[in-house]
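Ligands are counted one by one from 1 in listed order, and the atoms in each one are counted from 1 as well. Only heavy atoms go into these numbers, but all of them, side chains included; no hydrogens, no water, no symmetry mates. Everything quoted here is computed from the prediction, not taken from an experiment.
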Amino acid sequence: MDKLQWLCLPCLLVFAPFFLFGSTSAAHHHQRDVLHPVVLLPGFSCGQIEARLTDAYDSPSPLCGLRKGDGRWFRLWKNSTGLQDLPNMACFADQLRLVYDPTAGDYRNVPGVVTRVLSFGSARGFLSDDPADKENCMGRFVEALERVGYSDGESLFGAPYDLRHAPAAPELPNREFSMFRRSLTALVEHASRRNGGKPVILVSHSQGGLLALEFLNRSPLAWRRRLVKHFVMASRGAGGIVVTMKGLAASDGGGVLSMRRVKRSFESAFVGLPSPAVFGGETPLVVTRDRNYTARDMPEFLSAAGLPAPAVKL
Ligand SMILES: *[C@@H]1O[C@H](CO)[C@@H](O)[C@H](O)[C@H]1NC(C)=O
Ligand SMILES: *[C@@H]1O[C@H](CO)[C@@H](O)[C@H](O)[C@H]1NC(C)=O
């Protein structure tokens with residue numbers, strides 16, 4: 001699902017006119033003048049999150065509380081070394097999960113966990129400490145763009161986001177996505193200004209497409225016309241994806257870190273569900289012995305998967 005080959009074809013088509021310029025330095029120079037700035041929105045797991053723990057953190061074990069109150073930031077996501085270390089996994093699980101705050105009507109970190117997304121604005125900030133993620137997080141695409149003259153921070157930008165959060169319906173409180181929209185608005189304006197007022201090209205991969213689409217739909221039309229030239233959405237159906245249902249229904253083997261439990265706490269676990277407008281009410285998406293579930297049966301499916309209704313903000 002998160003494979004780069006899905007990404008490259010549509011992108012190459014859009015960028016073909018730019019790629020076709022020669023590679024002598026004069027041509028390179030000229031090419032730089034005609035390039036439209038590009039802002040990348042990477043896939044689900046690509047935004048990197050740092051955390052620090054305050055004294056308010058109610059640690060499930062002494063190990064998990066070791067960093068409490070020391071004010072130091074550490075890599076919460078994606079910290080592959082930490083996630084491979086069994087005793088630490090339970091700590092990561094506890095600190096990564098979200099809680100739904102019924103008073104705020106919105107999702108929050110666990111009390112005492114403060115988080116921030118790294119390197120907003122840069123296309124170089126998507127990478128975790130796991131080299132395999134380079135492929136999934138537009139690494140090769142960034143290199144290809146750089147070969148044709150794009151340069152990080154000048155004509156190439158990145159909008160990583162906190163994978164746990166997602167856009168809620170416009171009338172609902174949605175602090176994290178509101179902040180993301182403000183930052184992305186500023187980034188698009190900055191990218192255009194820096195490139196002689198040329199409108200930007202947004203390129204998204206996977207989950208990034210959902211954020212970009214919601215961002216665009218909620219931006220004024222006049223602003224979009226002035227500042228956004230194209231939106232290239234790679235490897236994501238705007239109608240939702242079936243594999244999201246698998247993530248909610250299937251056990252991942254549990255163990256110390258049940259990622260299913262953690263992922264179910266994410267606001268983003270629910271926004272990628274297949275839409276009946278696209279998948280209809282006929283095709284069974286989940287087949288069980290007793291009954292099948294189509295995109296129309298989502299409330300029944302969620303309750304069969306054991307999700308408490310009030311925590312689900314559809
Ligand atoms: C990843 O987690 C381990 C275990 O908690 C920690 O020692 C390490 O500092 C973390 N990595 C980063 C880059 O913060
Ligand atoms: C579920 O769907 C499968 C495949 O379409 C079908 O063979 C099966 O009879 C259906 N089961 C129920 C309980 O409707």
Side-chain angles (χ1 to χ4, degrees), residues 42 44-98 109-120 122 124-134 136-137 139 158 160-164 239-246 248-250 255-259 261-263 273-274 276 278-306:
F44 179 69
S45 61
C46 301
Q48 302 300 308
I49 305 171
E50 278 191 336
R52 64 184 170 79
L53 306 178
T54 70
D55 289 329
Y57 179 56
D58 183 12
S59 170
S61 73
L63 174 71
C64 300
L66 280 182
R67 300 163 196 266
K68 235 168 98 158
D70 74 1
R72 300 215 324 262
W73 292 96
F74 61 96
R75 186 71 67 103
L76 183 60
W77 184 267
K78 191 181 175 185
N79 183 334
S80 316
T81 17
L83 283 168
Q84 273 155 17
D85 179 15
L86 217 59
N88 262 313
M89 276 162 67
C91 306
F92 275 95
D94 190 61
Q95 293 156 13
L96 197 59
R97 77 196 154 90
L98 291 183
N109 284 328
V110 169
V113 177
V114 183
T115 52
R116 63 179 183 194
V117 175
L118 290 184
S119 314
F120 187 88
S122 168
R124 293 245 149 232
F126 307 157
L127 308 176
S128 73
D129 57 353
D130 179 356
D133 283 342
K134 191 175 170 189
N136 284 340
C137 295
Y161 52 89
D162 185 325
L163 77 160
R164 304 170 301 163
I241 40 176
V242 178
V243 78
T244 316
M245 298 177 81
K246 185 174 169 193
L248 288 170
V256 180
L257 171 67
S258 168
M259 264 325 256
R261 191 174 63 84
V262 178
K263 280 189 192 149
L273 291 171
V278 173
F279 289 85
E282 299 295 317
T283 317
L285 302 177
V286 171
V287 175
T288 70
R289 207 171 28 229
D290 297 333
R291 72 163 285 188
N292 294 341
Y293 299 88
T294 72
R296 284 242 163 80
D297 306 321
M298 214 49 79
E300 293 82 359
F301 166 74
L302 291 174
S303 108

Counting distance only, does the side-chain N/O of N79 pair as donor-acceptor with the main-chain N or O of L76 below 3.5 Å?
-> no

Are D162 and W77 close enough, and set up right, to give a side chain to side chain contact (heavy atoms under 4.5 Å, CB included), and what steps lead you there?
-> CA-CA 9 Å; D162 185 325; W77 184 267; over 6 Å; no

G125 backbone acceptor or donor facing S119 side chain under 3.5 Å = no

Without hydrogens or angle criteria, can the side chains of N109 and Y57 be said to hold a donor-acceptor pair below 3.5 Å?
-> no

Are any of the N or O atoms of T81 closer than 3.5 Å to those of ligand 1?
-> no

Whether F92 lies under 4.0 Å from ligand 1, heavy atom = yes

Do other residues, nucleotides or ligands put more than 12 heavy atoms under 6.0 Å from the CZ atom of R124?
-> no

Going by the atom numbers of ligand 1, which of them fall below 4.0 Å from some non-hydrogen atom of R75?
-> 12 (C), 13 (C), 14 (O)

Taking only non-hydrogen atoms of F74 and a 4.0 Å limit, the atoms of ligand 1 in range are 14 (O)

Output for pair (K263 NZ, R164 CZ), nearest 0.5 Å, gives 14.0 Å

Extract all N/O-N/O pairs under 3.5 Å that connect ligand 2 to the protein, and present each with both atom names and the distance rounded to 0.1 Å.
{"unit_1": "ligand 2", "atom_1": "2 (O)", "unit_2": "N292", "atom_2": "ND2", "d": "2.3"}
{"unit_1": "ligand 2", "atom_1": "11 (N)", "unit_2": "N292", "atom_2": "ND2", "d": "3.0"}
{"unit_1": "ligand 2", "atom_1": "14 (O)", "unit_2": "N292", "atom_2": "ND2", "d": "3.4"}

Tell me which part of R67 gets within contact of ligand 1: side chain, backbone, both or neither, using heavy atoms under 4.0 Å.
-> side chain

Hey, does the side chain of Y161 reach the backbone of P42 with a donor-acceptor pair shorter than 3.5 angstrom?
-> yes

Under 3.5 Å donor-acceptor, R67 side chain and R72 backbone = no

Within less than 4.0 angstrom of ligand 1, does D85 place any heavy atom?
-> no

Under the 3.5 angstrom rule, does the side chain of Q48 hit a backbone N or O of F126 as a donor-acceptor pair?
-> yes

